[in-house]
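Numbers restart at 1 for each chain; the letters A, B, ... are given by sequence-line order, proteins then strands.
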Amino acid sequence: GAGVSQSPSNKVTEKGKDVELRCDPISGHTALYWYRQSLGQGLEFLIYFQGNSAPDKSGLPSDRFSAERTGGSVSTLTIQRTQQEDSAVYLCASSPGDTQYFGPGTRLTVL
Amino acid sequence: GQSLEQPSEVTAVEGAIVQINCTYQTSGFYGLSWYQQHDGGAPTFLSYNALDGLEETGRFSSFLSRSDSYGYLLLQELQMKDSASYFCAVKGGGNKLTFGTGTQLKVEL
């Protein structure tokens, strides 16, 4: 079946603009995660959705970052008033249990 | 909180065996995972250890010692295509993973 998909694959924006990044998880996966990866760095946890439970937002770096997951499926990560330090690859993963399956990521560049 | 340490870079020759170590300090621990990431690609799952001991999957094996807060990934019969970054990740409560900073493996002829 289809894997995790993310859109757009690349996004270039100007400082101060808002951006929305989309993640379509694997059908039936109850858990969905967002990570951020800067060049040559590890994965920084941002937010985690599990079923209908309240999301774990402990990794969001500031209140400019928010995410929602509609109908237990598609998720959108929104970054308001983007800053240059937000430039990174944003990865989404879904999971049925222990293993996380990653999407190809969205490369965000803030000019 | 969680913190993980792994070497930043390892170099080995094709056909050799290489071990990538990972030590961790966690407030909750349910298991240790390993992920592979090629340049420009997404991380892909390699292995998961919830219990002490060695798990073998083809050329790759992973080991865990919970008493030592230590694990390793063992890659045998190295191939050029194994050149990638390898991340260990600790599973804490609620299926949340905390990733290490990654080890870049370079396989040379």
Side-chain angles (χ1 to χ4, degrees), chain A residues 2-7 9-10 21 23-26 28-60 67 69 88-109, chain B residues 1-9 20 22-24 26-51 55 57 60 62 64 71 73 83-106:
Chain A
V4 178
S5 61
Q6 293 185 243
S7 60
S9 55
N10 279 284
L21 313 179
C23 172
D24 285 85
I26 294 172
H29 284 191
T30 57
L32 187 147
Y33 306 78
W34 283 99
Y35 296 89
R36 177 168 70 175
Q37 186 174 33
S38 300
L39 187 63
Q41 300 298 310
L43 283 75
E44 176 189 3
F45 167 79
L46 297 177
I47 188 168
Y48 159 51
F49 296 89
Q50 174 66 57
N52 296 320
S53 303
D56 177 347
K57 305 179 182 180
S58 60
L60 294 179
R69 188 180 185 191
V89 175
Y90 289 81
L91 290 159
C92 171
S94 70
S95 174
D98 292 326
T99 302
Q100 295 190 13
Y101 298 84
F102 284 81
T106 294
R107 181 175 298 278
L108 175 66
T109 303
Chain B
Q2 324 272 46
S3 69
L4 297 92
E5 287 193 15
Q6 49 181 131
S8 59
E9 190 174 306
I20 300 174
C22 175
T23 58
Y24 57 87
T26 66
S27 56
F29 179 85
Y30 291 87
L32 185 71
S33 298
W34 289 91
Y35 285 78
Q36 177 193 60
Q37 186 179 32
H38 286 97
D39 280 350
T44 56
F45 172 80
L46 291 177
S47 68
Y48 175 68
N49 294 65
L51 302 176
E55 295 280 344
T57 308
F60 293 3
S62 58
L64 174 64
L73 180 69
S83 293
S85 291
Y86 293 83
F87 295 88
C88 59
V90 165
K91 176 183 173 183
N95 284 332
K96 180 177 164 181
L97 287 182
T98 301
F99 284 80
T101 52
T103 298
Q104 186 173 7
L105 171 64
K106 296 181 180 178

> Picking from Pro104(A), Gly105(A), Ala31(A), Gly97(A), which has the most non-hydrogen pairs under 4.5 angstrom with chain B?
Replying inline: Gly97(A)

> Looking only at heavy atoms, which two atoms of Phe87(B) and Gln37(A) are closest? And how far apart?
Replying inline: CZ-NE2, 3.6 Å

>> Among residues at least two apart in sequence or on other chains, which ones pass side-chain contact (heavy atoms from CB on, under 4.5 Å) with Ser38(A)?
In response: Gln41(A), Ala88(A)

> Hey, are the side chains of Phe102(A) and Gln37(B) touching, using non-hydrogen atoms and a 4.5 Å cut-off?
Replying inline: no

> With a 4.5 angstrom heavy-atom cut-off, which part of Leu91(A) approaches chain B: side chain, backbone, both or neither?
Replying inline: side chain

>> Report which part of Ser95(A) has an atom under 4.5 Å of a heavy atom belonging to chain B: side chain, backbone, both, or neither.
In response: neither

>> Quick check on Tyr101(A) against chain B: is it the side chain, the backbone, both or neither that has a heavy atom closer than 4.5 Å?
In response: neither

> Is there a donor-acceptor pair closer than 3.5 Å between any side-chain N or O of Tyr35(B) and the backbone N or O of Gln100(A)?
Replying inline: yes

>> Looking at chain A, which one of Thr98(B), Leu4(B), Leu97(B) has the largest number of heavy-atom pairs inside 4.5 Å, strictly under?
In response: Leu97(B)

> Between Ala42(B) and Gly103(A), what is the shortest heavy-atom contact and its length?
Replying inline: CB-O, 3.0 Å

> Measuring heavy-atom distances to chain B, does Ser58(A) have an atom under 4.5 Å in its side chain, in its backbone, in both, or in neither?
Replying inline: side chain

